[in-house]
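As structure tokens, the structure follows; a few thoughts come after it.
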Amino acid sequence: MAKTLRDAKVGETVRVLKLNGEGAVKRRIMDMGVTKDVEIFVRKVAPLGDPVEVTVRGYELSLRKADAQIIEVE
């Protein structure tokens, strides 16, 4: 199974392979700078796994678990 941002560990840097979402959700994630080939550093994951705090293109971002699930990484 493909690895998603939700599977990434704290302190890990991953590269986006593709976004699996549709429509507005995918658009919103892309608008936040999460696009193919961009690197994402996983800063922190809240105790219950929601949200995931990451650094993308030099700025900090909090993503819901559902959003992190559709971001396929390596």
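The first residue of the sequence shown is numbered 1, and numbering continues consecutively from there. Values reported hereafter were calculated over all heavy atoms of this structure, with side chains retained and with hydrogens, waters and symmetry mates removed.
Residue Val16 forms a side-chain contact (heavy atoms from CB on, under 4.5 Å) with just one option from Val38, Thr35, Leu5, and that option is Val38.
Atom CD of Glu72 sits about 10.0 Å away from atom NZ of Lys36, to the nearest 0.5 Å. Going from atom CG of Leu63 over to atom CZ of Arg6 covers 12.5 Å, rounded to the nearest 0.5 Å. The structure places CD1 of Ile40 at 9.5 Å from CZ of Arg57, a figure rounded to the nearest 0.5 Å. Atom CZ of residue Arg27 and atom CG of residue Leu19 lie 10.0 Å apart, to the nearest 0.5 angstrom.
With hydrophobic clusters built from ILVMFWY side chains whose heavy atoms lie under 4.5 angstrom apart, Val34 does not share a cluster with Phe41.
The minimum heavy-atom distance between Val42 and Ala8, with the atom names listed, is CG2-CB, 3.7 Å. Lys9 and Glu12 get closest at one heavy-atom pair: N-OE1, 2.7 Å.
Checked against side chain to side chain donor-acceptor pair (under 3.5 Å), Glu39 has no partners two or more places apart in sequence or in another chain. A search for side chain to side chain donor-acceptor pair (under 3.5 Å) contacts involving Arg15 returns Asp37, Glu74, not counting sequence neighbours.
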Enumerate donor-acceptor pairs with a distance under 3.5 Å from any side-chain N or O in residues 43-55 to protein atoms, sequence neighbours excluded.
{"residue": "Arg43", "atom": "NH2", "partner": "Glu53", "partner atom": "OE1", "Å": "3.0"}
{"residue": "Asp50", "atom": "OD1", "partner": "Lys65", "partner atom": "N", "Å": "2.7"}

